[in-house]
Structures are given as structure tokens and as C-alpha cells.
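To find a chain, count down the sequence lines: A is the first, B the second, and so on, and within it residues start at 1. Below, all heavy atoms of this structure are taken into account, side chains as well, without hydrogens, waters or symmetry copies.
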Protein chains: 2
Amino acid sequence: MGRPRAFDVDEALDRALRLFWRQGYEGTSLSDLTEELGINRPSLYAAFGNKEELFRKALERYVEHHLILYREAFAKPTAREAMEHLVLGLADAQTLPRGPRGCITVQGALVSGEAAAPIQKELAARRLAGEKAIRERLEQGQRDGDVPPHVDCADLARYINTVTQGMAVQAATGTSREDLRRVARMSLAAWPT
Amino acid sequence: MGRPRAFDVDEALDRALRLFWRQGYEGTSLSDLTEELGINRPSLYAAFGNKEELFRKALERYVEHHLILYREAFAKPTAREAMEHLVLGLADAQTLPRGPRGCITVQGALVSGEAAAPIQKELAARRLAGEKAIRERLEQGQRDGDVPPHVDCADLARYINTVTQGMAVQAATGTSREDLRRVARMSLAAWPT
DNA sequence: TGGATTGTGTACCGATGAGTACGGATTTAC
DNA sequence: GTAAATCCGTACTCATCGGTACACAATCCA
């Protein structure tokens, strides 16, 4: 009941996500947001709380979407194939034709002033969560016998995660999708034997 | 002649550098700077121009200092040894005991709003310059015969640069020096044979 | 000792930051 | 048709942003 919303919440979140992704949390002002979303300020606050909550909700959508890629990759029969699918998928996701480049967990607030510290920490935690997921898939591979027993899965996971985060920086620099995919493939040459 | 400066310009630049490095260009306000440097605003403007020029001058010092590491590494007899020295040296430089973590060319302004776009582009250009320097050392190795002729030096340089930039993200996440050095060493396992 | 010159300190500027008060518009329930 | 509920839009709040005007202090040269 009451007057119905004149905008679609999910579409607004997607637009906010893309803006935060492209300009970072600190680099995106509320004026940028209201202009991009076509929503005026009080409506935005009524729907999403404040700037920080809006970011968190947009981030949630991003993460949910990316979980699909991780699950898809981890379903591959071997850890090696899983990682290949993952890094190549991330290369694509970080160079979407009409999307911002890189990954919002990296570009969102790699560093920041004091005001944005909670967001910075949240993103760092998300990056660590990705690394943990990779490590667990590698450990599964070890149990399955397709990853040599002498391999330290934490180290290997950290390495793979580092490469994907470096790819996010490269994407921001303007590296093409093809070049990024080459980087992803080369990184797998370090795979233990 | 005239009243002498009450502060040391180089020390002020170093302090500014560390602040920008830790909080990013957008995340660092002039109030942060004047407080950290112990200099009041007009003195800062008289000495360095404005915020953007101050950043550029601080960046210049950073880059000059890092050139030492690059030169040191590139002087190694083989390209492989050069890259090993470089990535391990960067692992150390990105986890200085009492310094900001990561690399200012990554943390300074990976993304930004419109106002900081010139700084963002400047940093992207510096990252590309690092990649170019690596590529040229690899090509030298190819001429010297210690890098196989079939290797695409541009691809290999991009991969190495990507790893070092990923290390900067990891450093911001809190990864220890030892773990970062392990990542650096693992990345060399992808070296072509 | 007195200009000329340069740096310092206070106190300010206009613009923009995030966030909100409030009245009018639009809907549902009765 | 009217009351209750929700949303929209204008116009504001206060704090902070980067940047500066101007008076005063400290030095050098004559």
C-alpha cells in the first residue's frame, strides 16, 4: 500500500555497483549516484539506508553473481581444470565489454581514508574469502589424488589469488581481454608436478 | 635571503608520500597532510604548489628510489636471476616494517572520481613503464641467449608485472613478508624452458 | 639600522561532501 | 470519497573539501 516506487530496486543496485566499481567507494559521490541512478536523494536514502549500506548491498549482488563462476569452476573434475576455468573466467569478468574493468573487491577501496575504513576492511575480508575457497578446492584435489601430496595448498591458493588480483590491476590499466587471458594461462605454468 | 623555511622539504615529501601511499590520493585530505607534516596550509602550498603537485613530487621520490631496485636486479647476469631479484625485492619493499604496505603506483589511485583522473592516469602510465622495463630486460636476455628464442617477452613481462601488482593487493590485505616472498618465488615456476 | 624579501599563522573563501525536513503526489483499504 | 500509508522533489542542514588573503615574523644586504 502507499505510493509505489518509481524505480526498480535491482536495476538501481546494478547501476550503483557499476559506478562504485568504476570510481571506487571514495571516488563516488552521492551526486554521482543520484545522477546515474535517476533517483533523487531522499528516495535513495529511503530505499538503501545510506552510502555505506548502498555499497554493501551492491557488493552483495556482485559477490552472488561471482559465486556462480567459482561454483562452475570448482565443479570441474580436477583442481587444475578448476583453476584454469577460474582464472580464465575472471579474465573475462574483468574485461566485460560494457562493464567496469577489474574486480570491485580490488577497485572498490584498496586503500582509503579513515571514513571508508569499514568498507576497506570488508573488501579485504572478501578477498581473503576467495583465497580460502580456492585453498579448499585445492585440498579437495589433494584428497582426490589429482594434486601432489607435497603441495602446500595455502601457498598455491595465495599465488593463484595474487595473480587474479594482479589481473584486476592490469584491467584497470587498460590491458585487453586477450592479453589478460594470456596472463591467466601463463600463471598456470607454475602448477606443481 | 628572506625568512628561512622552518621544515625540511625532503622530509616533508617523504611524510606526504607515506600518507598518500597508505590512504590513497583521494583518501588523503589537506588536513591529513598538514597534520602529518606539521606544516600549516599556506606553507605547504608555497612549497609544493597544490595537492596534485605535492603528490607528483612525492611520487617522483618514490620512483627514483625504486629505480635503484630495478637497476640492481637488471644488472644480474641472466634475465631469470634479474627477475628473481626483482620480485623478491618488491616483496620486501611492499612489506616494510614501518612503512605503508604495497606500492603507491597501485594503491595511490587505482580508480577514482573525475577530479583525480589525471593522477590515476599518471599512475597507470608508471605501471606500464615498469612493464616495459621488464620486457626490455627479457629481450636483452634473449639476445644474451639465456632466454629461449621462442619466448614472447611482452607476454612474460606482462605476467611478471601482474604478479607484482597482485602482490601489492595482497600486501594491502595484510599478507606477511614471508608469504609474499613465497608467492614471488612460486611465480617464477612459470618461467619458460 | 632599515628596506627588501621570504616564510608563518590565523582566519577566512566558495564549493561540495553526506544526510534530512517537509509538503505535495500517488496509491490501497475501507 | 476519505483516511492511512508510502514515495517523490525541492530546498535545506552542517561539516569538510581544496585553496587563499593578509598581517606578522625572521632573515639578508646595504
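Between B/Phe55 and B/Phe20, the ring planes are perpendicular. Angles over 60° get that label, and only those under 30° would be called parallel.
Between B/Glu60 and B/Arg126 a salt bridge is recorded (basic side-chain N to carboxylate O distance below 4.0 Å). A salt bridge does not link B/Asp146 to B/Arg80: none of the charged nitrogens lies less than 4.0 Å from a carboxylate oxygen.
Separating the CZ atom of B/Phe48 from the C1' atom of D/dT20 is a distance of 18 Å, rounded to the nearest angstrom. Across the protein-nucleic acid pair, A/Phe55 atom CZ and C/dA18 atom P stand 14 Å apart, rounded to whole Å. When rounded to the nearest whole Å, the span between CG of B/Leu54 and P of D/dG19 equals 10 Å. The distance between atom NZ of B/Lys51 and atom C1' of D/dG18, rounded to the nearest whole Å, is 8 Å. Atom CG of B/Leu44 is separated from atom P of C/dG7 by 13 Å (rounded to the nearest Å).
The other residues sharing a hydrophobic cluster with B/Leu110 are A/Val106, A/Leu110, A/Val169, B/Val106, B/Val169, where clustering joins ILVMFWY side chains under 4.5 Å apart.
Heavy-atom nearest nucleotides on DNA chain C were determined for A/Asn50 and for B/Pro4, and the one closer to the 5' end corresponds to B/Pro4.
When the shell of 6.0 Å around CD of B/Glu35 is examined, it contains 12 or fewer heavy atoms from other residues, nucleotides or ligands.
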Applying salt bridge (Lys or Arg N to Asp or Glu O under 4.0 Å) to A/Glu136 and A/Lys132, what does each step give before you reach the verdict? CA-CA 6 Å; A/Glu136 286 170 354; A/Lys132 179 161 175 264; 3.5 Å; yes
Should B/Val111 and A/Trp21 be marked as a side chain to side chain contact (heavy atoms under 4.5 Å, CB included) after you check the CA-CA gap, both sets of side-chain angles, and the distance that decides it? CA-CA 8 Å; B/Val111 295; A/Trp21 190 348; over 6 Å; no
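Taking only side-chain atoms of B/Met1, from C-beta outward, the nucleotide of C/dA21, C/dT5, D/dG18 with the closest atom is C/dT5. The side chain of A/Tyr45 sits closest to C/dA18 out of D/dA21, C/dA18, C/dG7. Here the side chain of A/Arg3 is nearest to one of D/dC8, D/dG9, C/dT10, namely D/dC8.
Between A/Ser43 and D/dC7, a side-chain N or O to OP1/OP2 separation shorter than 4.0 Å is absent.
Within residues 20-41 of chain A, the residues having any heavy atom under 4.0 Å from DNA chain C are, by residue number, A/Thr28, A/Ser29, A/Leu30, A/Ser31, A/Arg41. Residues from residues 6-14 of chain B that place a heavy atom under 4.0 Å from any atom of DNA chain C, listed by number: B/Ala6, B/Phe7.
Using modelled atom types, one side-chain atom of A/Glu26 and one backbone atom of A/Gly113 make a donor-acceptor pair closer than 3.5 Å. In this structure a side-chain-to-backbone donor-acceptor pair under 3.5 Å is present from B/Arg177 to B/Thr95.
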